[in-house]
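A short worksheet on the structure shown next.
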Amino acid sequence: MTTTSGKGPAGPGAGSHAPRAAGQIDGAPEADAGSGVPGTETPGPGPAAGEGVTALHPANGAGAVGVTVADPAGSAPGPAERLAGGPVMLGQIRRTISVTLDGTEARVLEGSTILEALHREGTPQQADTPTLCWAPNMDPINACRVCVVEVEGARTLAPSCARTCEDGMQVRTDTDKVRHSRRMVLELLASSADMSEASGDVQRWMGEYGVDPERYGPPAPPTVDGERERRHAGHHSAPDGRTRATVEQPVKVDNDLYVRDYSRCIMCYKCVNACGTDAQFTFAIAAAGRGFDARIATEYDVELPDSACVYCGNCIGVCPTGALKSVSEYDKREAGNWHPEQETVTTTVCSFCGVGCNLELHVQQGEIVNVTSPSDHSVTHGHLCIKGRFGFQHVQNLPQG
């Protein structure tokens with residue numbers, strides 16, 4: 001297999017033909033050189049950068065293995081490549097396939113989900129597909145079903161966040177069936193959970209789809225503290241027909257960093273995954289109960305300080321409805337001193353260690369109220385530790401005077 005050729009940088013092994021000492025490779029003695037035993041010879045130094053190469057062969061005469069491609073920058077092969085004599089693999093190669101999005105053909109990478117295709121190749125309206133349980137820095141959860149689309153030939157609507165594109169697939173994103181399904185999902189969620197503190201996108205989608213949870217009647221009285229945890233799993237009493245069932249319950253404040261307001265929880269499972277295999281691998285929280293009584297809980301329903309929680313706050317960072325929030329935000333909201341319309345966001349680098357995490361400082365009225373991280377940051381992928389997310393109070397702990 002041939003490789004491209006080009007000029008490489010000067011330097012040792014990079015276009016240089018300086019002779020090496022006999023019996024040495026990169027200054028190390030060549031112990032097996034000339035042993036005469038087939039297959040034990042150490043390969044030579046390999047081609048210098050910038051030289052055309054027709055094939056790479058191990059010293060024992062075996063053919064080249066796998067795909068061999070020259071470094072596009074023309075840099076010299078490293079010691080490991082020179083010693084191994086084998087090619088450098090560049091990762092999986094994926095072909096493109098054709099999908100039709102609302103009548104317009106697009107080319108996407110094989111293995112992409114429909115939602116990824118809408119984000120990368122769709123119109124702004126298609127890219128604005130509503131999502132609740134999906135996040136760009138997490139694996140698809142496929143729980144809320146608000147991102148459904150119509151796929152030609154399928155009997156049911158498909159969740160675009162998890163359905164993989166297929167060659168020749170016909171996708172429709174704005175049919176009456178799709179809009180009705182999305183409205184019903186948002187409406188039923190809003191009828192049982194308080195969505196008043198959901199993200200701005202969620203609020204906008206509820207308006208665009210005409211969500212009206214009040215048509216299900218007034219909310220039932222809230223449960224007392226601990227009542228939902230004590231219910232028999234799977235049991236749900238018959239509704240009285242006069243009120244709508246809700247998950248309203250007292251707020252859980254059992255630590256100094258964040259609160260759990262489960263009256264706003266829609267069971268999207270994003271916090272569970274962020275605490276688990278998507279980010280922290282702490283597994284401090286999980287789903288408990290069944291049916292309408294399903295809830296997010298700690299192991300054995302212990303208080304958060306007694307659980308495995310390490311207070312990284314990554315569950316806060318992914319919550320779409322405000323069910324999880326910092327104590328500072330909760331206190332300000334309760335005091336009527338929360339002003340998101342005045343909020344500014346400044347990006348900086350965390351100074352607690354040398355990892356280099358990017359921080360987004362959310363500032364209201366000259367005070368840091370929350371800290372997040374960009375989901376596309378190559379170091380954090382949107383996730384932080386306890387110091388990065390909550391260790392900002394010293395910045396504004398100024399002397400009084």
Side-chain angles (χ1 to χ4, degrees), residues 90-191 193 195 198-213 215-216 266-270 273 278 318-321 374-378 381-382:
L90 300 183
Q92 182 183 10
I93 298 176
R94 295 194 293 172
R95 67 187 181 99
T96 60
I97 60 176
S98 174
V99 295
T100 302
L101 307 176
D102 292 325
T104 302
E105 185 178 356
R107 304 288 299 184
V108 300
L109 289 176
E110 186 179 34
S112 300
T113 63
I114 296 176
L115 188 60
E116 289 173 338
L118 295 174
H119 286 168
R120 295 173 183 173
E121 304 295 335
T123 65
Q125 292 75 20
Q126 292 169 336
D128 192 38
T129 297
T131 57
L132 287 171
C133 68
W134 176 87
N137 57 340
M138 301 179 69
D139 292 332
I141 299 173
N142 193 11
C144 71
R145 298 299 176 118
V146 75
C147 68
V148 291
V149 294
E150 206 169 346
V151 176
E152 185 174 345
R155 294 184 300 169
T156 60
L157 297 176
S160 61
C161 67
R163 178 65 183 271
T164 304
C165 292
E166 300 172 4
D167 195 25
M169 176 181 281
Q170 304 277 339
V171 178
R172 291 185 289 272
T173 66
D174 198 37
T175 63
D176 290 341
K177 186 176 181 181
V178 168
R179 293 189 63 85
H180 179 75
S181 178
R182 291 177 180 176
R183 180 177 67 85
M184 289 299 298
V185 169
L186 290 169
E187 200 167 73
L188 289 172
L189 289 174
S191 72
M195 303 282 277
S199 67
D201 284 336
V202 175
Q203 301 283 1
R204 176 171 54 82
W205 290 327
M206 291 175 63
E208 291 177 358
Y209 285 92
V211 172
D212 181 21
R215 70 189 185 94
Y216 294 98
I266 59 172
M267 293 296 294
C268 67
Y269 291 89
K270 290 170 74 174
N273 283 21
D278 271 347
V318 299
C319 180
T321 61
S375 62
D376 59 350
H377 183 43
S378 60
H381 300 287

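Below, each value reflects all heavy atoms present in this structure, side chains not excepted, and no hydrogens, waters or symmetry copies. Just so we're clear, the structure is a prediction, and the values are computed from it rather than from any experiment.
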Shortest non-hydrogen contact between [X] and [Y], atoms and distance:
| X | Y | result |
| --- | --- | --- |
| L109 | T96 | CD2-CG2, 4.0 Å |
| V146 | T131 | CG1-CA, 3.7 Å |
| M184 | R215 | SD-NH2, 3.7 Å |
| C268 | C133 | O-CB, 3.5 Å |
| T173 | Q126 | OG1-CG, 3.9 Å |
| E121 | V108 | CG-CG1, 3.8 Å |

key: H180: ring-ring contact (aromatic ring centres under 6.0 Å, His included) partners, not counting sequence neighbours   =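 With neighbours one apart ignored, the set is empty.
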
Euclidean distance, [Y] [atom2] relative to [X] [atom1], rounded to 0.5 Å:
| X | Y | atom1 | atom2 | result |
| --- | --- | --- | --- | --- |
| L132 | C161 | CG | SG | 10.5 Å |
| D176 | R183 | CG | CZ | 11.0 Å |
| M267 | I141 | CE | CD1 | 11.0 Å |
| S98 | Q170 | OG | CD | 8.0 Å |
| N137 | H381 | CG | NE2 | 9.0 Å |

key: Steps toward side chain to side chain contact (heavy atoms under 4.5 Å, CB included) verdict (I114, V151)   = CA-CA 10 Å; I114 296 176; V151 176; 3.9 Å; yes

Pair listing, side chain to side chain donor-acceptor pair (under 3.5 Å) test, anchored in residues 150-162, at least two apart =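 Residue pairs with at least one partner in residues 150-162: E150-T175.
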
inquiry  = Using side-chain heavy atoms (C-beta onward) and a distance below 4.5 Å, is V178 in contact with R172?
reply    =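 SC-SC contact between V178 and R172 ruled out.
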
request  = Report yes if some heavy atom in the side chain of M169 is under 4.5 Å from a heavy atom in the side chain of L101; otherwise report no.
outcome  =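 The answer is no, as the side chains (C-beta and beyond) never meet within the 4.5 Å cut-off.
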
inquiry  = Filter on salt bridge (charged side-chain N to carboxylate O under 4.0 Å, His left out), then keep only pairs touching residues 128-138, sequence neighbours left out; what's left?
reply    =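 Matches after skipping sequence neighbours: D128-R204.
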
query = How would you list all residue pairs meeting salt bridge (charged side-chain N to carboxylate O under 4.0 Å, His left out) that involve residues 129-143, not counting sequence neighbours?
reply =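 Output for this query is empty, none listed.
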
query = Does the N273 side chain pair with the main chain of D278, one donor and one acceptor, at a distance under 3.5 Å?
reply =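 Looks like no, no N/O pair under 3.5 Å.
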
Side-chain donor/acceptor of R145 to backbone N/O of P159, under 3.5 Å =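 Checking the backbone N and O of P159 against the side chain of R145, no donor-acceptor pair under 3.5 Å is found.
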
key: Summary of ring pair (Phe, Tyr, Trp, His ring centres under 6.0 Å) pairs that have at least one residue in residues 113-155, sequence neighbours excluded   =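 Listed once each, the pairs are H119-W134.
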
ask   = Tell me, which pairs form a ring pair (Phe, Tyr, Trp, His ring centres under 6.0 Å) where one or both residues lie in residues 145-178, sequence neighbours left out?
value =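 Not a single pair qualifies under ring pair (Phe, Tyr, Trp, His ring centres under 6.0 Å).
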
query = After noting the C-alpha distance and the side-chain angles of M195 and I266, does the key distance pass the side chain to side chain contact (heavy atoms under 4.5 Å, CB included) rule?
reply = CA-CA 9 Å; M195 303 282 277; I266 59 172; 3.8 Å; yes

What residues, two or more places apart in sequence or in another chain, satisfy salt bridge (Lys or Arg N to Asp or Glu O under 4.0 Å) together with [X]?
| X | answer |
| --- | --- |
| E116 | none |
| D174 | R179 |
| R120 | none |
| E105 | none |

request  = Could you pull out all residues at least two apart from T164 that satisfy side chain to side chain contact (heavy atoms under 4.5 Å, CB included)?
outcome  =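 Here no residue qualifies.
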
task = Applying side chain to side chain contact (heavy atoms under 4.5 Å, CB included), name anything that partners Q125, two or more places apart in sequence or on another chain.
result =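 By the side chain to side chain contact (heavy atoms under 4.5 Å, CB included) rule, Q125 matches T123.
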
message = Please evaluate residues E110 and R95 with respect to the criterion salt bridge (Lys or Arg N to Asp or Glu O under 4.0 Å), reporting the C-alpha separation (whole Å), side-chain torsions for both, the decisive distance (0.1 Å), and the verdict.
response = CA-CA 6 Å; E110 186 179 34; R95 67 187 181 99; 3.4 Å; yes

query = Should Y209 and E187 be marked as a side chain to side chain contact (heavy atoms under 4.5 Å, CB included) after you check the CA-CA gap, both sets of side-chain angles, and the distance that decides it?
reply = CA-CA 9 Å; Y209 285 92; E187 200 167 73; over 6 Å; no

